[in-house]
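The structure appears right after this line, and notes come after that.
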Amino acid sequence: MPELPEVQSICKSLAESIIGEVIHRVIVRESGLRWEVDAPGLNRLVGGRCVSSIGRRAKYILVHLEGGVILMIHLGMSGRLGLHPSGSPLAKHDHVVFELGGGRELRYNDPRRFGMVEAFEKSHYWTHPRLVHLGVEPLEGEFEGEVLYRLSRKSRVAVKSFIMDARRVVGVGNIYASEALFAAGINPKTRAGRLGLSRCVRLVECIKEILNRAVLSGGTTLRDFANLDGGSGYFSEQLQVYGREGEGCPGCGSGIRRVVQSNRSTYYCVKCQR
DNA sequence: CGGGCGGCCTGGAGGC
DNA sequence: TGCCTCCAGGCCGCCC
């Protein structure tokens, strides 16, 4: 589901729709997500507080509340957030409901329950166990070719696995990893430590460009991704290799291959990606 | 320690 | 129609 551009898109919608709103109460209908949802804790920390801003770290959505509390939401593979009128019928898998003012509710829906919802005091941000090990943000200036080059020295893993490793760089998911490597002309199986500086520079440029373009398109819609309003993104039309096994490579026309790396599908062109 | 892999879940697609 | 298998965009934690 949501990769970084999708999460970014949802953050933008959230910022436009719930900043200044008070979260009056949190109703947990199903607490068995990736981690057990602590309903009393959520209500104690979140209940009655006003949303001051929306942030993001990797694929975690950070709802900043007045008084120094952060509500952190991860959409996992199938999570969605939606704004609904209070009292409208709940959908299957609506696990957590945030009651807002003005007769509205923000609902967290997640069929596969791989996501998470929790709240903590802002002072714990820098030591939070889910955040503390995270690497650089791919769309920030801190991520550049020389950084990737330095980080990858001595690594024997395939470059695709490397750029998907959140300890190094966050937010590069399975779809965009394939797409960025195609754009950079790099074979996904190449060991990260064997990339030269110029290829690292090129790869970082491609990662940024692909992610930025996807953000502008509102994310990629495959299966269940949807924006706050239920609308979808349009980047899927621009995917060059992902999900196109057997189709002609946009560069040379030869067949796109699918291989499995670390239990994930990788799509690439044998001729264009060396 | 780095790196590979299983597991968490539901549901959609496709084969028979 | 149903039953089966495979597949899915994330991430942690266990293993070597």
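Since the structure is predicted, the reported quantities are computational estimates derived from the model, not experimental observations.
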Requested in this report: Could you check whether Tyr60(A) gets within reach of a base, just the sugar-phosphate, or nothing at all, counting any heavy atom under 4.0 Å?
Outcome: sugar-phosphate

Requested in this report: Look at the side-chain N and O atoms of His133(A) and state whether any lies under 4.0 Å from the OP1 or OP2 oxygen of dC11(C).
Outcome: no

Report summary line: With the side chain defined as heavy atoms from C-beta on, Met164(A) is closest, among dG11(B), dG10(C), dA8(C), to dG10(C)

Query raised in the report: Do Asp110(A) and His93(A) have side chains that get closer than 4.5 Å, going by heavy atoms?
Result: no

Query raised in the report: When you measure from the side chain of Lys59(A), which nucleotide among dG10(C), dG11(B), dG3(B) comes out closest?
Result: dG10(C)

Report summary line: When Ala166(A) and Ser265(A) are each assigned the nearest nucleotide of DNA chain C, the 5'-most assignment goes to Ser265(A)

**Report entry** Contact under 4.0 Å: Arg264(A) side-chain N or O vs dG10(C) OP1/OP2
**Finding:** yes

Query raised in the report: Within the structure shown, what part of the strands sits under 4.0 Å from Arg258(A) by heavy-atom distance: base, sugar-phosphate, or nothing?
Result: sugar-phosphate

Query raised in the report: Nearest 0.5 Å, what's the CZ-CD1 distance between Arg213(A) and Ile210(A)?
Result: 5.0 Å

Query raised in the report: Considering heavy-atom distances to DNA chain B, does Arg113(A) or Arg34(A) have its closest nucleotide positioned more toward the 5' end?
Result: Arg34(A)

Report task. Under 4.0 Å between any heavy atoms, over every strand shown, what does Asn174(A) touch: base, sugar-phosphate, or nothing? Just pick one. Result -> sugar-phosphate

Report task. Determine the contact category for Ser155(A): base if any of its heavy atoms lies under 4.0 Å from a base atom, sugar-phosphate if only primed atoms, P, OP1 or OP2 are that close, otherwise nothing. Result -> sugar-phosphate

Requested in this report: Classify the nucleic acid contact of Arg168(A) as base, sugar-phosphate or nothing, counting any heavy atom under 4.0 Å across all strands shown.
Outcome: sugar-phosphate

